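Working notes, beginning with the structure itself.
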Amino acid sequence: MSTYDTIVIGAGHNGLICATLLAKAGQRVLVLEASDSQGGLAASREFHPGFHASVAQSFYALPANLIKDLDLAKHGFELADSCLHTIALSPDEAPIIIGDESVSGVSADDASAYQTYRRQLKTFSAALAPFWEKTMPGIGGNSLKELLTFAHMGLKLRMLGKDDMLEFLRVASLPMRDLVDEHFKSEALKAALCWDGIVGSKLAPRSPNQAVLTLLNRMAGAHAGQHSLPAGGVAAFVSALGAAAQAAGVEIRLGTAVKQVLIEGDEDGQRCRGVVLTSGETVNAAKVVSSADPKTTFLKLVGTPYLEIEFSNRIRRLRCDGFVAKLHLALKGRPQFTGVSTPDGRIILAPSMDAIEFAFDDAKYGDSSEHPVMEILIPSLHQPDLAPAGQHVLSAQVMYVPAHPEGGWTEERRQALREKLMAVLERYAPGIGELTLGMELLTPADLETQYHVSGGHWHHAEPAIDQLLMMRPTYEAAQYRTPIEGLYLCGAGAHPGGDLSGNPGRNAAREILA
Amino acid sequence: MPPSDPYAGERLKHSHFHERQAPMNLRDAWSSWNGFKFADYYYDETYEYFCIRNTCGTYDICPMQKYMIEGPDALAMLNRMVTRDLRKLGVNRVTYVCWCTDSGRMIDDGTIFRLGEERFMLTCGSPSLAWLRKSSLGFDELSITEYTEDFAALSLQGPTSFAVLKRMGLEAVGELKPFGIMHLPFNGSSLMISRTGFTGDLGYELWIEPSQALPLWDALYSAGEDYGIHPYGEAATNMARMESAFIMPDMEFNEALKTINFEYDQTPLELNLGWLVDFKKPHFNGRAALLEQKKRGPKRMLVKLDIEGNKPADGSILYSNKRCSKEIGYVTSGMWSPAVKANIALAMVDTDALQGEIWAEVYYERELRHRHKVARCTPKDKPFWAPARARQTPPGDY
């Protein structure tokens with residue numbers, strides 16, 4: 001029976017990153033992945049014969065230094081030189097084109113305000129950037145390292161200068177709507193800018209909480225949070241991660257689901273000793289790192305009998321309601337969006353903040369939005385091998401769709417949603433229906449079952465202020481260590497959270513090696 | 001109560017024994033316990049205390065919380081919740097337990113009755129259903145049933161308690177060892193008898209279906225007429241338990257889930273209940289925190305004190321010297337003990353100060369004049385009162 005230093009549960013990007021860094025430090029590492037492909041929500045799948053797509057459709061939060069640390073260039077992945085522009089469409093107005101530092105299609109006032117807006121957010125984002133790559137101090141922890149992290153945070157904010165620091169403290173917890181209302185007049189522009197703070201969370205523009213903080217987290221990625229899609233797309237990222245892992249000596253077993261984390265108990269207490277697979281096989285390891293979400297990790301794989309009562313119930317209470325559905329269309333030709341010459345940017349179909357808000361209200365009360373809003377990419381324009389020659393893939397993040405609507409996901413309900421989505425698309429891209437050869441709709445419930453993510457939530461746990469930083473996913477598990485000796489977390493449910501950032505995986509590896 | 005009573009929901013409930021107990025409450029000395037009308041005393045607390053120590057008395061435990069935990073996961077669930085190892089508890093045995101928060105702070109203490117392989121009854125002073133439910137997350141094969149009002153439960157305590165049961169025709173109870181459970185027929189029903197109690201003396205707790213409450217009472221009082229049987233209330237219980245050094249919520253400990261100030265609750269180690277904490281068990285709630293405290297040593301400990309003089313020291317602050325210049329703790333409960341003829345107290349004392357002198361500043365009153373004096377305290381290892389008859393099997397027929 002082979003024994004590993006560390007077993008990583010899940011071959012999502014965080015799992016692979018953590019595994020690679022551990023192996024690079026000399027550990028013998030095994031990655032166990034339940035599905036048949038690596039990459040988790042970034043895995044590319046054939047959704048229609050000859051057409052491929054992944055749930056994660058672009059990069060915006062990936063830190064440049066991570067690509068370097070993992071030497072991903074050597075394995076075929078480089079960040080795009082430039083980012084995608086965002087195209088905000090509304091039925092009655094000309095498209096608004098949003099870039100990193102400028103915006104066109106809006107008034108001169110809005111265009112100038114945009115520069116101020118981006119400059120200020122970049123300043124704040126840069127001040128926070130180091131903390132996404134650090135382990136958060138434990139609550140009540142008084143070690144020098146923990147105190148220094150606090151001190152560093154304070155110093156970074158103070159170094160913004162008094163005005164910026166006060167402004168940061170004021171805006172950090174604003175709803176997105178309040179932030180953009182302060183700067184802009186154009187409804188479509190405001191809606192598109194809101195999008196980046198709320199997408200993936202159970203949030204609408206007016207929702208109080210941490211949308212701005214999430215935005216700043218995303219902006220710590222390359223291109224300051226602007227979306228990008230290099231040649232090879234998301235698939236190249238995943239395959240480079242896999243190759244880097246293998247080059248570092250990581251063993252990856254696909255189609256191998258973990259049934260249980262193996263916990264041994266005696267007079268000296270409990271400790272993790274490996275995992276038991278659904279096949280019944282036991283694999284031993286000194287340490288186990290889970291990139292599965294916290295609910296799956298603790299409630300299913302560990303089991304509450306091995307945990308403390310209050311801790312278990314905090315995990316039970318974690319909010320992880322996925323509210324984003326994924327739509328993939330197989331198109332026999334390039335779709336024409338009215339007013340857009342080449343749809344090679346990121347298109348946002350949300351005419352106003354109210355449109356997003358009302359769409360949220362429908363889902364909040366249990367059903368899919370009557371008038372859904374969405375973010376669209378045609379990834380095949382950047383990565384032609386996703387579809388047969390001359391044909392295209394449309395990939396859309398759809399808000400808002402609840403994971404568990406009342407009455408469940410019946411075929412009627414799915415069909416109604418498909419028709420609704422096609423109607424929206426038809427309005428902006430007339431004729432798209434006729435181009436459509438096939439379609440895949442993944443509700444959060446589908447993400448939950450097919451990708452093993454509780455609630456189908458992108459971020460494994462809602463990135464709300466009570467589930468962030470030293471509270472992510474909850475105290476006593478917020479420093480990647482868990483109450484079970486030898487068991488660690490390295491997924492999006494750990495600090496600093498979701499998106500393709502790789503930070504949880506990287507930070508966890510550092511803690512394990514410490 | 002007429003149906004139109006606007007305060008109906010606010011009225012105190014009546015225990016299954018109320019019809020017999022109410023007329024005997026000569027002083028109308030009622031307070032309440034868990035929403036039940038409950039006697040502080042019936043006639044005189046000292047008289048009732050002497051019944052416990054010299055003859056016998058009955059104490060109504062209907063308001064005590066009772067929960068039935070049943071199913072294949074019942075043992076595992078309770079064993080993870082409490083600090084003792086319940087795997088060692090046989091069927092028809094009772095054990096004293098406590099349970100803690102994740103950080104090892106004591107939530108409550110109580111007793112667990114193992115009524116079958118997969119059937120347990122938990123009894124405790126305060127409502128605990130919410131905690132039981134939280135504790136059962138992930139243990140799917142069990143049911144938790146509130147049972148408080150489904151048993152008529154009466155504690156019969158004192159040296160003549162066995163004699164009374166014997167005269168009721170229940171002599172088989174003579175074989176019952178401390179913490180044992182026995183089921184005997186009574187009046188066409190089944191009477192559960194456990195050799196348990198909260199007085200440190202010979203005694204039993206009687207459990208029966210509510211419809212049999214009054215027949216049971218009548219049989220007891222008829223058999224006990226010549227054996228000094230008398231109902232006793234909270235006040236006498238408090239005296240008896242203090243002599244036996246049993247802890248009481250709101251006196252020795254503050255229930256952790258109700259404690260607001262940081263660490264104003266206690267751990268079992270601080271309460272001198274280390275013997276209840278089985279670190280050999282790989283996991284139980286609060287284990288890691290308690291182990292950490294054990295390694296470092298608790299900062300304060302509950303101790304038994306013998307205090308010079310005869311002025312009860314309840315509420316006293318403790319000092320390391322007679323000048324009272326350095327505070328080292330406080331008395332949690334104190335009394336003049338008639339049974340041991342000593343001025344006794346339970347107290348929380350800084351562990352560091354336990355080896356040195358302990359002085360209590362005792363406050364008392366003489367005809368409305370408030371006074372204080374400083375009295376020397378001597379820590380005691382053993383309970384103040386622990387008569388051999390409490391454990392003797394078969395018990396004496398006093």
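Proteins get letters first, then strands, A, B, ... in listed order; numbering begins at 1 in each. Because the structure is a prediction, the values reported are computed rather than measured.
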Of the listed residues (Phe279(B), Phe139(B), Phe284(B)), which shares the most heavy-atom pairs with chain A below a 4.5 Å separation?
->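 When all of Phe279(B), Phe139(B), Phe284(B) are compared, Phe139(B) has the most.
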Under 4.5 Å heavy-atom distance to chain A, tell me which part of Met77(B) shows up: side chain, backbone, both or neither.
->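 Neither part.
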Please report all inter-chain donor-acceptor pairs (under 3.5 Å) between chain B and chain A, with distances to 0.1 Å.
{"unit_1": "Arg80(B)", "atom_1": "NE", "unit_2": "Leu307(A)", "atom_2": "O", "d": "2.9"}
{"unit_1": "Arg80(B)", "atom_1": "NH2", "unit_2": "Thr304(A)", "atom_2": "O", "d": "2.7"}
{"unit_1": "Arg80(B)", "atom_1": "NH2", "unit_2": "Leu307(A)", "atom_2": "O", "d": "3.0"}
{"unit_1": "Arg80(B)", "atom_1": "NH2", "unit_2": "Ser312(A)", "atom_2": "OG", "d": "3.4"}
{"unit_1": "Asp102(B)", "atom_1": "N", "unit_2": "Glu310(A)", "atom_2": "OE1", "d": "2.8"}
{"unit_1": "Asp102(B)", "atom_1": "OD1", "unit_2": "Ile309(A)", "atom_2": "N", "d": "3.3"}
{"unit_1": "Asp102(B)", "atom_1": "OD1", "unit_2": "Glu310(A)", "atom_2": "N", "d": "2.9"}
{"unit_1": "Asp102(B)", "atom_1": "OD2", "unit_2": "Glu310(A)", "atom_2": "N", "d": "3.3"}
{"unit_1": "Asp102(B)", "atom_1": "OD2", "unit_2": "Phe311(A)", "atom_2": "N", "d": "2.8"}
{"unit_1": "Lys134(B)", "atom_1": "O", "unit_2": "Asn313(A)", "atom_2": "ND2", "d": "3.1"}
{"unit_1": "Leu137(B)", "atom_1": "O", "unit_2": "Thr304(A)", "atom_2": "OG1", "d": "2.5"}
{"unit_1": "His283(B)", "atom_1": "NE2", "unit_2": "Tyr306(A)", "atom_2": "O", "d": "3.4"}
{"unit_1": "His283(B)", "atom_1": "NE2", "unit_2": "Leu307(A)", "atom_2": "O", "d": "2.9"}
{"unit_1": "Asn285(B)", "atom_1": "OD1", "unit_2": "Ile309(A)", "atom_2": "N", "d": "2.6"}
{"unit_1": "Gly286(B)", "atom_1": "N", "unit_2": "Glu308(A)", "atom_2": "OE1", "d": "2.7"}
{"unit_1": "Arg287(B)", "atom_1": "NH2", "unit_2": "Glu267(A)", "atom_2": "O", "d": "2.7"}

